[in-house]
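Basis for what follows: all heavy atoms, side chains included, without hydrogens, waters or symmetry-related copies. This is a predicted model, so every value here is computed, not measured. Whatever order the structure lists ligands and atoms in, that order sets their numbers, starting from 1.
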Amino acid sequence: MSLLAFLTALDTLAAEASQSLSAVSDVEKLEELRVRFIGAKNGQLKSIQKMMGSLQADERPSAGKRFNEVRDAVQSAIDAAAERLGSESQPSRVNGPMVDPTLPGLRPRLGHLHPITQTIEHLKEIMGRLGFTTTEGPEIEDTWHNFVALNIPEDHPARDPLDNFYLTTAGKTAIDPAAPGGMLLRSQTSTVQIRVMEQSKPPLRIISLGRVYRPDAADATHFPMFHQMEGLWVDRHVTMAQLKSVLRMFATSYLGSDVHIRFRPSFFPFTEPSVEVDYFWNDNWVEFGGAGMVDPNVLSAVGYDPEEYSGFAFGLGVERLCMRRFAITDIRDLFRSDVRFLRQF
Ligand code: DAH
């Protein structure tokens with residue numbers, strides 16, 4: 001074959017390609033043209049390239065140069081057409097990575113309430129069925145509600161600064177005897193008994209659930225912040241038998257119908273008589289709170305007549321109940337905010 005014939009074939013192809021690629025109007029047609037001009041097997045450029053073998057050796061460099069120019073021009077025209085048609089020259093790859101609709105989707109992970117909050121809701125629900133309504137009190141308290149009205153005298157060890165988070169208010173702390181308005185983080189929810197009785201007349205039947213604070217070193221069973229459920233029932237002729245019935249009904253509802261409870265004699269300044277309450281579990285008696293008949297001094301402090309009214313009160317640790325139910329063994333795990341732990345409950 002002559003060099004002239006070779007170059008003519010190239011020029012014809014170049015003209016034809018340039019014309020049809022600038023006019024092409026859809027992606028499928030473009031793909032057809034791509035195969036026709038530069039297809040790896042039977043493309044026209046391929047056939048022309050094969051003809052190069054029959055040229056004279058000294059004709060080949062200039063023939064090769066021209067061939068490369070035409071090949072690049074055709075490729076650019078294809079690219080330009082693809083861009084104009086908003087696609088790549090491969091019609092199967094339309095803009096961006098392909099979506100595989102058969103892959104499993106991403107399941108959204110829903111959060112849930114903290115186990116302590118779940119326990120609090122559960123306790124409210126059980127006590128609600130027994131006729132107790134829920135009230136709240138402040139976590140920052142004055143010494144009147146945390147101690148004085150609860151019959152806890154000035155020199156009582158419960159007031160020890162080492163056992164309480166006293167706050168500095170106007171340069172004075174609550175342990176300063178000259179500062180009756182001193183404040184502290186409440187060390188017990190019994191404060192709410194006083195607040196409720198100050199605000200309403202008997203009869204009343206309330207519970208209050210919330211945080212309390214004591215400067216204990218954290219270990220598996222202690223934490224400087226924890227939760228209590230306080231209960232109070234005041235009316236005419238309220239007796240200790242009713243206290244025991246309510247606590248037993250509560251324990252069997254929450255812990256299981258086979259649970260037994262017992263009272264052990266104890267002392268709290270705000271109840272007389274006072275008891276510790278235990279439930280029986282795993283061959284052991286486990287303490288879950290304190291209780292008793294509201295001390296007449298407490299009733300008097302809020303203006304109730306102790307001759308006319310009597311009442312019972314109890315205070316239970318929420319963490320203990322929560323940990324028993326969810327089989328949690330270290331109280332610190334509850335407050336580490338590690339979702340890998342909390343997610344389990
Ligand atoms: N406030 C007590 C405490 O934190 C618990 C308690 C005991 C509450 C006896 C009561 C009660 O209402 O009657 O240790």
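- Every heavy atom of Met293 sits 4.0 Å or more from the atoms of ligand 1.
- Near Phe268, with a cut-off below 4.0 Å to any heavy atom, the atoms of ligand 1 are 7 (C), 9 (C).
- Side-chain contact of Gln193 with His145: a donor-acceptor pair under 3.5 Å is absent, judged by distance alone.
- Closest protein heavy atom to atom 12 (O) of ligand 1: Glu230 OE2, 2.6 Å.
- Residue Gly231 has no nitrogen or oxygen atom sitting less than 3.5 Å from a nitrogen or oxygen atom of ligand 1, judged on distance alone.
- Between His122 and Tyr254, the ring-plane angle classifies as tilted under the 30° and 60° cut-offs.
- Side-chain contact between Ile116 and His227 is present, with at least one heavy-atom pair separated by less than 4.5 Å.
- Shown in contact with Gln228 at under 4.0 Å from a heavy atom are these atoms of ligand 1, numbered in order with element: 3 (C), 4 (O).
- For ligand 1, the atoms lying closer than 4.0 Å to a non-hydrogen atom of Gln193 are 12 (O).
- Of the candidates Asp295, Thr271, Val294, Asp295 is the only one forming a side-chain contact (heavy atoms from CB on, under 4.5 Å) with Asn151.
- Residue Phe312 does not touch ligand 1, judged by heavy-atom distances below 4.0 Å.
- Atoms of ligand 1 found under 4.0 Å from any heavy atom of Gly292 (numbered from 1 in listed order, with element): 13 (O).
- Between Glu276 and Arg262, no side-chain nitrogen of the basic residue sits less than 4.0 Å from a carboxylate oxygen of the acidic one, so the salt-bridge criterion is not met.
- For His112, the NE2 atom counts as densely surrounded, since its 6.0 Å shell holds more than 12 non-hydrogen atoms of other residues, nucleotides or ligands.
- Note: Phe165 and Tyr213 have perpendicular aromatic rings, judged against thresholds of 30 and 60 degrees for the angle between ring planes.
- Note: Phe132 and Phe312 have tilted aromatic rings, judged against thresholds of 30 and 60 degrees for the angle between ring planes.
- The shortest N/O to N/O separation between Gly290 and ligand 1 does not fall below 3.5 Å.
- Side chains of Asp163 and Ser187: a donor-acceptor N/O pair is absent below 3.5 angstrom, by distance only.
- At a heavy-atom cutoff of 4.0 Å, ligand 1 is contacted by the backbone of Ala291 but not by its side chain.
- For atom 8 (C) of ligand 1, the closest non-hydrogen atom on the protein side is Gly315 N, 3.3 Å.
- Of the polar atoms of Ser187, none of the N or O atoms is found under 3.5 Å from an N or O of ligand 1, judged by distance alone.
- In summary, the atoms of ligand 1 found under 4.0 Å from a heavy atom of Ser190, numbered by their order in the structure, are 1 (N), 8 (C).
- Counting only heavy atoms from C-beta outward, the side chains of Ile206 and Arg195 never approach each other to under 4.5 Å.
- Here is the list of ligand 1 atoms found below 4.0 Å of a heavy atom in Thr271: 13 (O).
- Here Met229 has no heavy atoms under 4.0 Å from ligand 1, in either its backbone or its side chain.
- His222 NE2 to Asp216 CG: the interatomic distance, rounded to the nearest 0.5 Å, is 5.5 Å.
- For atom 14 (O) of ligand 1, the nearest non-hydrogen atom of the protein is Arg214 NH2, 3.8 Å.
- At the top of the distance list for atom 11 (C) of ligand 1, counting protein heavy atoms only, stands Phe270 CE1, 3.5 Å.
- Of all protein heavy atoms, the one closest to atom 2 (C) of ligand 1 is Gln188 OE1, 3.7 Å.
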